[in-house]
Amino acid sequence: MSTSQSVGFDAREATIDTVQHAIFSGLASVHDVVSAFIARIEKFDSKINAVISLNPNALSDAAEQDRMLAAGNATGPLFGVPICLKDNYDTASIPTTGGNLALKNSQPTEDAPAVAVLRKAGAIILGKCNLHELALEGISVSSVGGQTINPYDSTRTPGGSSGGTGAGVAASFFVFGTGTDTVNSLRSPPASNSLFSIRPTRGLISRQGIIPISTTQDVIGPIARTIKDVAVALTVMSSIGYDPQDNDTARVPQGNRNIDYAAAMDTAPPLKGLRLGLIEGFFNRTASTETTPVNEAFDKMVSRLTAAGATVVSIKESIYNSTAIQAFDTQRFEYRENMNKYLQRPSLKGTHPSTLDELYETSSNGTGGKFLVIPSQYEYVTTSLKSSTSNATYDNIQRGISNLTIALQSTFAANNLDALIYPEQQHLVVKLGSPSQSGRNGILAALTGAPVVVVPAGFSPPTETAPIGVPIGMEILGPKWDEAKILGIAWQVEKLTKVRKSPVWAREVVEVSGRTANSTLVAKITPNTKNIPPEYPVGSLGGAIVNAEGVSFLKK
């Protein structure tokens, strides 16, 4: 009886192509591949606390695919590829917690459409990744999953809210993973973990079956170690097409349906001749140990793009101020209504609250709730419990978003641009225990619905805790429905710069031992919740208030 160790599949920095080459050439079975990734999680997850749960059926699923392979029935662009899901994607086989203790036993009975098409394409779901609780911030700390650690610097966060996905993919726990993005969450983790991602145009992928926040701003997508893997994953996820449960999917132009984004990259134009707008207002030019590395990385990136023949146009319009644009954020008006609808679906079983009010209930002394809200979000959550889309302010915000969208289109037209570029974060990803993940620029795409890709842009200087430095990421934003074009630009940038590096400790070879070729036992992962920084008290929202129903809550 052979073991996975005898085959020796190397999961480090594996891609869709390398996994499938090993499987289809007979160098490794699907079981071997999946075992190799599970072994890495079992050995290293204690370093970064990225995984909330492993799929108990992962090795059974792998064995079934090996039977399909032997019978000549192996099909699908993701056949045999191990992936992770952010733990706000509904899965019928694994609880979907959103990182929230009140949802720890919440069990969907249906896969989200995005999960269903990934499975249909042959992906093996290895497990669920930690996130900032309910995807509300960028620290990636939760009451179920604890604090996720940046694999490049043990003193820093991994970005967020899809921080578990970002840290796990960076450490080669999976080939790629999924995330969600309401303001920055598909882009902050890739930027902070030397990865690639795409936030597609709102409507390209159905959001049904994803724990919601904002109908206006929520989008889902993939995070990977190469832009090609992002493109393949996007092709699969967007194949859902029109979904009557998500009206925005009706907005996709006919010519933008059923695109093979990976194939489209093969015909991507070179950098020479492209016009890229550099948004000057999205930089913090005040010199410091946190901002200077970002600015230096971008100066170097602009020089390399220019040397490759691209024209970089300085964009200095005052409207591009990420702090000012935050005034148009719709989350607090849409969050309660969307969550109540999600929690009250007949398909959601298990023990769970039926309303957002119930989810945030606390004991009579103002503590003891089954949730984690960081203090900088107390006001947001307590306001969300009283706000709705019927507020007059909401209509004004939507008009502001329309004006911003028009201004963005005018910037492209007036400067004849192919894309806009800028840092995802104006300073390095923040330290553990920080008040918030400040200084991010993701709000522009979140409000306008424009597609944006993240590519690695560089690293800060090495330090004792960051032996190769802290990763820095660049956003490449295009007009709506221009995913193929910006993926092509990102592919050219990836080939030109070759910035991606794996974390130092993640380069270690992990042997797969004690797991035979027919083993289906997957050990349980227990997240470390004892590492939650004391700055983030579990079960508290600050000082007491009473909502419209007379229920007591807490307020800062």
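Just so you know, these numbers use all the heavy atoms, side chains as well, and skip hydrogens, waters and symmetry mates.
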message = Test your reading of the model: is there a side-chain donor-acceptor pair from T235 to the backbone of Y261, 3.5 Å cut-off?
response = yes

ask   = Is a donor on one side and an acceptor on the other found under 3.5 Å between the side chain of H132 and the backbone of S161?
value = no

key: Side chain S434, main chain V430, donor-acceptor under 3.5 Å   = no

key: Considering all heavy atoms, the nearest A112-G209 contact   = CB-O, 3.5 Å

query = Does K300 NZ have over 12 foreign heavy atoms under 6.0 Å away?
reply = no

request  = Using atom types as modelled and distance alone, determine if a side-chain donor or acceptor of T249 lies under 3.5 Å from a backbone N or O of S206.
outcome  = no

request  = Report the distance from atom OG1 of T526 to atom CD1 of I52, rounding to the nearest 0.5 Å.
outcome  = 12.0 Å

query = Are any non-hydrogen side-chain atoms of L404 and I325 less than 4.5 angstrom apart?
reply = yes

inquiry  = Less than 6.0 angstrom separating the ring centers of F371 and Y360, yes or no?
reply    = yes

task = Answer with yes or no after comparing the ring centroid distance for F298 and F283 against a 6.0 Å cut-off, counting only values under it.
result = yes

query = Is there a side chain to side chain contact (heavy atoms under 4.5 Å, CB included) between S387 and R336 once you walk through the steps?
reply = CA-CA 8 Å; S387 298; R336 178 168 57 89; 5.9 Å; no

task = Could you give me the CA-CA distance, side-chain angles and deciding distance for E13 and R500, then say whether salt bridge (Lys or Arg N to Asp or Glu O under 4.0 Å) is met?
result = CA-CA 10 Å; E13 298 294 292; R500 161 75 189 163; 2.6 Å; yes

task = Could you check N441 against Q426 for side chain to side chain donor-acceptor pair (under 3.5 Å), going step by step and ending with a plain yes or no?
result = CA-CA 7 Å; N441 292 319; Q426 297 177 18; 2.8 Å; yes

ask   = Regarding E133 and S143, is there a side-chain donor-to-acceptor distance under 3.5 Å anywhere?
value = yes

ask   = Does a side chain donor of either S214 or E334 reach within less than 3.5 Å of an acceptor in the other side chain?
value = yes

task = Please determine if K370 and E361 form a salt bridge, counting it only when a charged side-chain N lies under 4.0 Å from a carboxylate O.
result = no

ask   = Is there side-chain contact between R345 and D90, with heavy atoms separated by less than 4.5 Å?
value = yes

message = Check whether T165 reaches the backbone of T178 with its side chain - one donor and one acceptor, N or O, closer than 3.5 Å.
response = yes

request  = For the residue pair Q425 and S188, confirm or rule out a side-chain donor-acceptor distance under 3.5 Å.
outcome  = yes

query = Side chains of S185 and S162: do they bring a donor and an acceptor to under 3.5 Å?
reply = no

request  = Taking atom types as modelled, find out whether R12 and S172 have a side-chain donor-acceptor pair closer than 3.5 angstrom.
outcome  = no

ask   = Would you say V455 and V453 make side-chain contact, with heavy atoms under 4.5 Å?
value = yes

query = N55 versus D61: any side-chain heavy-atom pair under 4.5 Å?
reply = yes

query = Quick one: which of D111, I211, I220 gives a side chain to side chain contact (heavy atoms under 4.5 Å, CB included) with Y89?
reply = I220

task = Answer whether the closest heavy-atom distance between the side chains of T157 and L432 falls below 4.5 Å.
result = yes

Option among D218, D243, D248 that satisfies the side-chain hydrogen bond (donor to acceptor under 3.5 Å, both in side chains) test with R207 = D248

task = For S140 and G163, indicate whether the former's side chain and the latter's backbone hold a donor-acceptor pair under 3.5 Å.
result = yes

message = How long is the straight-line distance from CG of L126 back to CD1 of I41, given to the nearest 0.5 Å?
response = 5.0 Å

ask   = Got a salt bridge between E379 and R332, using NZ or NE/NH1/NH2 to carboxylate O under 4.0 Å?
value = yes

request  = Show your working on side chain to side chain donor-acceptor pair (under 3.5 Å) between K86 and T180 and close with a plain yes or no.
outcome  = CA-CA 8 Å; K86 186 177 182 178; T180 63; 2.6 Å; yes

ask   = Does the distance from a Lys or Arg side-chain N to an Asp or Glu carboxylate O, for K47 and D153, drop under 4.0 Å?
value = no

ask   = Which pair of non-hydrogen atoms, one from L101 and one from V144, has the smallest distance, and what is that distance?
value = N-CG2, 3.5 Å

task = Run the numbers on R156 and E290 for salt bridge (Lys or Arg N to Asp or Glu O under 4.0 Å), then give the verdict.
result = CA-CA 12 Å; R156 294 182 187 267; E290 299 296 299; 2.9 Å; yes

request  = Mind running side chain to side chain contact (heavy atoms under 4.5 Å, CB included) on N184 and Q437 for me, showing each step along the way?
outcome  = CA-CA 10 Å; N184 295 279; Q437 196 66 252; over 6 Å; no

request  = Decide yes or no on side chain to side chain contact (heavy atoms under 4.5 Å, CB included) for Q217 and D329, but give the supporting numbers first.
outcome  = CA-CA 8 Å; Q217 296 172 214; D329 193 320; 3.3 Å; yes

message = Using side-chain heavy atoms (C-beta onward) and a distance below 4.5 Å, is R119 in contact with I125?
response = yes

request  = Identify the heavy atoms of S93 and N57 that sit nearest to each other, and give their distance.
outcome  = CB-ND2, 4.1 Å

task = Kindly give the heavy-atom pair with the smallest separation between V452 and A445, and that separation in Å.
result = CG1-CB, 3.8 Å

query = So, does S106 use its side chain to make a donor-acceptor pair with the main chain of L103 at under 3.5 Å?
reply = no

key: Closest non-hydrogen atom pair, V499 against P456   = CG1-CB, 3.6 Å

task = Kindly indicate whether the side chain of Y152, heavy atoms from C-beta on, has any atom under 4.5 Å from the side chain of I468.
result = yes

ask   = Between the side chain of N193 and the main-chain N/O of A170, is any donor-acceptor distance below 3.5 Å?
value = no

key: R187 side-chain N/O to E424 backbone N/O, donor-acceptor pair under 3.5 Å   = no

message = Run the side chain to side chain donor-acceptor pair (under 3.5 Å) test on N338 and T215 for me, step by step, so that the C-alpha distance in whole Å, both residues' side-chain angles and the decisive distance to 0.1 Å come before the verdict.
response = CA-CA 8 Å; N338 287 333; T215 305; 3.2 Å; yes

task = Using distance alone, with no hydrogens and no angle criterion, decide if T97 and K104 have a side-chain donor and acceptor under 3.5 Å apart.
result = no

message = Looking at P537, is its backbone amide N or carbonyl O close enough to the side chain of S540 to form a donor-acceptor pair, meaning the two atoms are under 3.5 Å apart?
response = no

task = Could you walk me through whether T448 and I401 pass side chain to side chain contact (heavy atoms under 4.5 Å, CB included), step by step?
result = CA-CA 7 Å; T448 61; I401 292 173; 5.9 Å; no

task = Take D357 and T355 through the side chain to side chain donor-acceptor pair (under 3.5 Å) test and state the conclusion after the steps.
result = CA-CA 5 Å; D357 285 351; T355 66; 5.2 Å; no

task = State whether a side-chain donor-acceptor pair under 3.5 Å links Q331 with S384.
result = no

message = If I compare all heavy atoms of S194 with all of K501, which pair ends up nearest, and what's the gap?
response = OG-N, 3.4 Å

request  = For the pair F9 and F37, name the ring-plane relationship: parallel under 30°, tilted 30 to 60°, perpendicular over 60°.
outcome  = tilted

inquiry  = Less than 3.5 Å apart, any donor N or O on the side chain of N130 or S142 sitting next to an acceptor on the other?
reply    = yes

query = Are side-chain heavy atoms of N100 and L359 found at a separation under 4.5 Å?
reply = yes

message = salt bridge (Lys or Arg N to Asp or Glu O under 4.0 Å) for R285 and D299? Distances and angles first, verdict last.
response = CA-CA 12 Å; R285 293 295 184 180; D299 290 344; 3.8 Å; yes

